[in-house]
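The block underneath contains the structure these notes are about, expressed in structure tokens.
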Number of protein chains: 2
Amino acid sequence: MEHRIEHIKKQLHAHSYKLTPQREATVRVLLEREEDHLSAEDVYLLVKEKSPEIGLATVYRTLELLSELKILDKINFGDGVSRYDLRKEGAKHFHHHLVCIECGSVEEIVNDLLEDVEKIVQNDWGFEVKDHRLTFHGICKQCQEATVKAT
Amino acid sequence: MEHRIEHIKKQLHAHSYKLTPQREATVRVLLEREEDHLSAEDVYLLVKEKSPEIGLATVYRTLELLSELKILDKINFGDGVSRYDLRKEGAKHFHHHLVCIECGSVEEIVNDLLEDVEKIVQNDWGFEVKDHRLTFHGICKQCQEATVKAT
DNA sequence: CTTGGTGCAAAAGATTTGCACCCCC
DNA sequence: GGGGGTGCAAATCTTTTGCACCAAG
């Protein structure tokens with residue numbers, strides 16, 4: 001954890017930004033809740049528990065900054081809010097998501113499943129792929145089992 | 001075109017909704033600008049040209065309705081607005097997009113490139129895929145060529 | 001009549017911005 | 001002492017909602 005904060009600090013410094021206490025508090029929340037796809041409001045409330053003086057605007061500004069530096073990915077699952085997802089260290093791509101339309105849960109897939117598809121896009125469309133976002137909508141294992149039991 | 005309107009009319013009727021003049025005007029705009037990924041505001045302004053008495057709320061309600069019936073797909077490219085995309089007739093899946101990070105253009109890929117990937121998700125994660133959304137971010141052919149020339 | 005659909009204006013959210021202040025090199 | 005960063009409140013922007021009214025069966 002400390003190691004990852006150090007790493008982010010370096011990335012900020014490389015672009016002449018500082019890791020202020022507010023930014024650090026925000027990053028810590030993101031690290032602690034890495035699997036959680038938090039909204040800006042979620043992050044704000046969690047940061048506020050530890051650092052009550054922080055403002056919502058600062059959280060927005062921090063999330064925006066981290067997104068620009070590709071430390072964070074801004075995603076949108078179709079409810080009205082943006083959610084934020086730490087990019088895995090060293091990952092050159094956004095990871096994928098499985099969104100359950102029954103219970104709303106979100107699972108992550110870290111494997112890159114799209115290498116072949118990217119080659120096709122590159123060759124057949126002449127499009128130079130830099131990143132991708134892939135979300136599957138469907139029914140998760142738990143909900144499938146629940147349905148079977150209920151029947 | 002008329003044929004596609006008829007088809008949509010039937011789909012509405014099948015769910016006990018009517019194809020009112022306002023809805024028809026909205027659908028016509030969507031058909032005319034099928035490749036364009038319009039926002040609700042865009043649609044509203046275009047419909048207003050032909051039917052000036054229409055209200056923005058009605059457009060929102062129509063787009064919402066058509067999305068629920070899967071006639072339309074609601075997508076989000078990360079700018080603050082939802083955009084709407086007519087589903088190709090008979091397509092069971094959302095189609096894919098190539099978003100150029102240089103010029104902002106959006107190309108569509110109708111082919112389903114994800115059949116193999118879906119099988120993997122189904123088998124390895126036990127997730128029953130109902131739909132997917134895939135967007136590639138990168139540099140389109142035109143912008144690549146422009147860069148080469150400029151160098 | 002009664003129900004679904006509409007237009008308008010107000011409301012509700014999410015996000016951004018203006019500004020005074022503050023801390024650090 | 002100048003610039004980046006912050007907190008607060010106000011502003012902005014998109015989308016939703018309440019309500020009175022209208023049209024068709």
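Just so it is clear: chains get the letters A, B, ... in the order the sequence lines come, proteins before strands, and each one is counted from 1.
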Q) Which nucleotide span of DNA chain D, 5' end to 3' end, has atoms closer than 4.0 Å to non-hydrogen atoms of chain B? A) dT14(D) to dG18(D)
**Q.** Test item: side-chain donor near acceptor, His37(B) and Asp42(B), under 3.5 Å
**A.** no
Separation of [N] [atom2] from [X] [atom1] (nearest whole Å):
X        : N       : atom1 : atom2 : answer
Gln22(A) : dC22(C) : CD    : P     : 14 Å
Lys18(A) : dC22(C) : NZ    : P     : 16 Å
His15(B) : dG5(C)  : NE2   : C1'   : 18 Å
Glu64(A) : dA14(C) : CD    : C1'   : 14 Å
Glu68(B) : dG5(C)  : CD    : P     : 12 Å

Would [X] and [Y] pass as an ion pair if we require N to O under 4.0 Å?
X         : Y         : value
Lys130(A) : Glu128(A) : yes
Lys18(A)  : Glu24(A)  : no
Asp131(B) : Arg87(B)  : yes

Q: Nearest-nucleotide wise, let me know which of Ala40(A) and Tyr17(B) is further upstream toward the 5' end of DNA chain C.
A: Tyr17(B)
Q: May I ask you to list the residues of residues 41-63 of chain B, by number, that have any heavy atom positioned under 4.0 Å from an atom of DNA chain C?
A: Glu53(B), Ile54(B), Gly55(B), Ala57(B), Thr58(B), Arg61(B)
**Q.** Inter-residue atom distance Asp79(B).CG - Asn76(A).CG, 0.5 Å rounding
**A.** 10.0 Å
Q: Only pairs at least two apart or in different chains count here, so list each salt bridge (Lys or Arg N to Asp or Glu O under 4.0 Å) that has a residue in residues 94-110 of chain A.
A: Lys88(A)-Glu108(A)
Q.
Check this for me: Tyr17(A), atom OH, are more than 12 non-hydrogen atoms of other residues, nucleotides or ligands nearer than 6.0 Å?
A. no
Q. Within a radius of less than 6.0 Å around NZ of Lys48(B), do more than 12 heavy atoms belonging to other residues, nucleotides or ligands occur?
A. yes
(Q) So that I know where these two stand, are His95(B) and His97(B) an aromatic pair - ring centroids less than 6.0 Å apart? (A) yes
(Q) On the nucleotide dT6(C), are OP1 or OP2 found under 4.0 Å from the side-chain N or O atoms that Thr20(B) carries? (A) yes
Q) Looking for any heavy atom pair under 4.0 Å, which part of the strands does Ser39(B) touch: base, sugar-phosphate only, or nothing? A) nothing
